[in-house]
Every structure is written in structure tokens, then in C-alpha cells.
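For this chain, numbers begin at 1 and follow the sequence in order. Atom set for the values below is all heavy atoms of this structure, side chains included, hydrogens, waters and symmetry mates excluded.
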Amino acid sequence: MDVVGDLLPFLAMVLVQFGFAGMNIISKLAMDSGMKPLVLVAYRQIFATIAMVPFAYFFEWKTRPKITKELLFQIFICSLTGATGNQVFYFIGLQNSTPTIGCALTNILPAVTFILAVLLRQESVGIKKLSGQAKLLGTAICVGGAMLLSFYHGSRINVGESSIHWKYADDIGSQNSNDGSKSNFILGPLFILASAVCWAIWFTIQAKVSEKFPAPYTSTFLLCFMGSIQCVLIGFGANHEAADWSLRDPGRLVAALYAAIVCSALAFSLTSWSIQKKGALYVSVFSPLLLVIVAVLSWALLREKLYVGTVVGSALIVAGLYAVLWGKDKEMKLKVIEEIEARKQINDLELQLPAKSNGTYGLEAKGEKK
């Protein structure tokens, strides 16, 4: 049972990373073809809400706990951070950068999660311990790699040309080259960093929601429903033209449906379930897998070029990520050992107390006989 319990969250998070990789490629193409990022986010939340209705109803309508005002407020905060803030910032950042840069910068998530957890007193630094030093050093390396990737481009790395030809991607790519690059390689990474901060806040809040409300489908439905209202209001505020909201282009429709069903409905449910089973830090371990998948797909399908700043910054972020995770793993193992030792001491005391009381009672009895 332990093997199955460890394997299922692992497979769930691998599936989530593959789903996000596809979203990065498809969404980038849709935005390059003219779809507004705020419109894409709004449609994503609307379709995700619709997709979650049958799951929330058929799987949890008998077992879900009572929905309280306090819970609704917590889910509202989750929707502001995990749905609206995270996705609005990320898609604007993705429009102004590349899928590889976007995925690389999301790897600072464990470092940001650690910083927030320390500020909220959910984590201890433990600077005198090796585990605490590893977490601090890893966080510093992650942040340094993110800054390097954001503000240093460098020379291009020649890795050859892909032999795969996807006509739709080639047409969009040639159209962008003719129109001129619309990317902003400073503004884009900054928005993605803001997205990572929102994502980390969602992790810390979702961990508490999962403890009090172990119904991931219902929780995801409520989060997407609230997020759809927020994103539609923001989208209409920025994009008034009816043409901006048109889904006649198949690429836009596919991007909206894919992002909603795979990366909101499915991914939020699997992530919430994995957080409930393994904790928030376990979920963030899988971020580097997304970077590898997207880097390969972007090179093969989008003809994305690699630069020294991107590669070195990504390597530093991943190295810092695993330093943080190593420190956290060592800290958790030490806690388990300390808990076992504490239980042994309690058991020993419980065994000694009856013996002492019996001995005292025997002496008192002998004194009475005298």
C-alpha cells in the first residue's frame, strides 16, 4: 500500500507537468496569432468551471464536508492568487517572452514558497543546521538564477535545427518575423516572477484548505467559478472589442479549451489532491520536469533559440531548487527521528510510573501493618 500511495501522487504530478508543457506551446501560438492573454485567461476559467461541475457533483456530493463562510473566503483568496493573479501575470509574461523562459522562472516556486512559509511561521530556518543552510543557499541561488535569466541574454547557443515541420507553427512564426518581434525580454520575465509569487501564496493557503475541506473537485470548482468572474471583469476592462473575444479561429478555441480542461480542471484537482497527500513542497519538486519538456518541444516545434543567459540561469535555478528540497528532506527526516525519540521517552515514563506507584503503595501498606 505504501508503494501505491507514493506512486499515484508521482504519476499525477508527472501528468500535470506534461499538461502544462502542452499549454505553454499551444497558448504561445494562440497569442502570437493575435489572441489577447487576458481573454485567454477568462475563457480558461469559464471552460474550467463548466468542466468541473460533473466531477464535483458525482464524486463528492455525498461525501464533501459542509461549506462554511470561512472556507468560501479562503477559496476566494485562492482564486485571487492561484487562478487570477497567477494566470494573468503568467500569460502576459509568456506573450512577452518564450515558453522556455516561462517554465524556467516557475522553478523559483519552491524558493518563494519557502520564503513565504518562513514569514508565515509555517517553516523554520534553522540556520545552525546543515538543512537550514542548504535551504537558505538554495533560495539565494534560485533568486540569482532568476535574475540572470531575466536580465542577461548573451550569445546564441547553436544546437542545430529541428527536422519537424508543423505547418501552423511555421505560418505563425513567419508572420511574427514579418511583423517584427513583440516580445519584451525584461517585462516578460518580471510578470512571470510575479506569477510565481502568486502561485506560492496559493500553495500555502491551499494546504490549509485541503486539511479542512478534503474535497478537491468541489474546491477546484469553487476556485474556477470565482476566478472566472474575476478574469472576465479584468478581461472586459482591458479588451472592449468583440473581435478580441471571438473564438472562430480554431487555434484560439483549442488553446482556451486545452488550458481550461487540462491545466485548470485536471491540473488543479490533481495538484490539490497531491498537496493533500504529500504536502505543498512535494508538488513543487516536479517543476524542472516541465522545463525539460518545454525546452525540447519549443526547439522542435517553435524553432526557439537558446541563449547563454537562458541556459546558465535555468541551471542555477534547478540547482538552487534541489538544494532547497534536499534541505527540506533532511529536516523532515530529523523531525521524524526526534518524534520517535520523544515517543520512546513518553512510553518509558508511562512504564515507570505504575512501578513507582506500586512500590510506594507497598511501603505505605507495610507501615500501616506496623
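- Cluster annotation: L316 and W326 are assigned to distinct hydrophobic clusters (Ile/Leu/Val/Met/Phe/Trp/Tyr, side-chain heavy-atom contacts under 4.5 Å, transitive).
- Ring geometry for F20 versus W199: interplanar angle over 60°, hence perpendicular rather than tilted (30 to 60°).
- Judged by distance alone, the side chain of T139 and the main-chain N or O of K135 form a donor-acceptor pair under 3.5 Å.
- Between V209 and C78, the shortest heavy-atom contact is CG2-SG, 4.2 Å.
- Applying the ring pair (Phe, Tyr, Trp, His ring centres under 6.0 Å) test between Y217 and each of W273, F59, W61 identifies F59 as the sole match.
- At a threshold of 4.5 Å between non-hydrogen side-chain atoms, the residues F191 and L105 do not count as touching.
- Exactly one residue among L233, V41, T49, I50 makes a side chain to side chain contact (heavy atoms under 4.5 Å, CB included) with S228. That residue is T49.
- Taking every heavy atom of both residues into account, G227 and S79 meet most closely at N-CB, 3.9 Å.
- The cluster map of Ile, Leu, Val, Met, Phe, Trp and Tyr, joined by side-chain heavy atoms under 4.5 Å apart, puts V112 and I77 in the same cluster.
- Taking the side chain as every heavy atom from C-beta outward, Q230 and F76 approach each other to under 4.5 Å.
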Exercise. Apply side-chain hydrogen bond (donor to acceptor under 3.5 Å, both in side chains) to the pair S210 and Q206, showing each step before the final yes or no.
Key: CA-CA 6 Å; S210 297; Q206 183 62 44; 3.2 Å; yes

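- Nearest heavy atoms, G102 versus I192: CA-CD1, 3.4 Å.
- In this structure a side-chain-to-backbone donor-acceptor pair under 3.5 Å is missing from W245 to F236.
- Side-chain atoms of L247 and M35, non-hydrogen and from C-beta on, do get closer than 4.5 Å to each other.
- L222 is listed as a side-chain neighbour of I67, based on a closest heavy-atom distance under 4.5 Å.
- M13 and L7 fall within a single hydrophobic cluster, where Ile, Leu, Val, Met, Phe, Trp and Tyr are joined by side-chain heavy atoms under 4.5 Å apart, directly or via other members.
- Between I229 atom CD1 and Q45 atom CD the span is 11.0 Å, to the nearest 0.5 Å.
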Practice problem: Please test Y90 against N24 for side-chain contact (heavy atoms from CB on, under 4.5 Å), starting from the C-alpha separation and ending with a verdict. | Solution: CA-CA 10 Å; Y90 185 81; N24 277 271; 2.3 Å; yes

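- For the atom pair CG (L190) and CZ (F89), the distance works out to 11.0 Å, reported to the nearest 0.5 Å.
- Under the 4.5 Å side-chain criterion, counting only non-hydrogen atoms from C-beta, L38 is in contact with I92.
- Hydrophobic clustering keeps F73 apart from F225 (ILVMFWY residues linked when any side-chain heavy atoms are closer than 4.5 Å, directly or through intermediates).
- Considering only heavy atoms from C-beta on, L266 stays 4.5 Å or farther from I261 through its side chain.
- Taking CD from Q133 and CG from L137, the interatomic distance works out to 9.0 Å, rounded to the nearest 0.5 Å.
- Within the 4.5 Å cutoff, side-chain heavy atoms of E60 are placed close to those of P216.
- Interatomic distance, NZ of K36 versus CZ of R252, reported as 8.5 Å (0.5 Å rounding).
- Distance CE/M23 to SG/C263: 5.0 Å, rounded to 0.5 Å.
- Nearest heavy-atom pair across L94 and K28 is O-NZ, 3.1 Å.
- For the atom pair NZ (K62) and OH (Y57), the distance works out to 9.5 Å, reported to the nearest 0.5 Å.
- Shortest non-hydrogen contact noted between G82 and N86 is O-ND2, 3.2 Å.
- Across all their heavy atoms, A260 and Y43 have their closest contact at CB-O, 4.4 Å.
- The shortest side-chain heavy-atom distance between F213 and T68 does not fall under the 4.5 Å cut-off.
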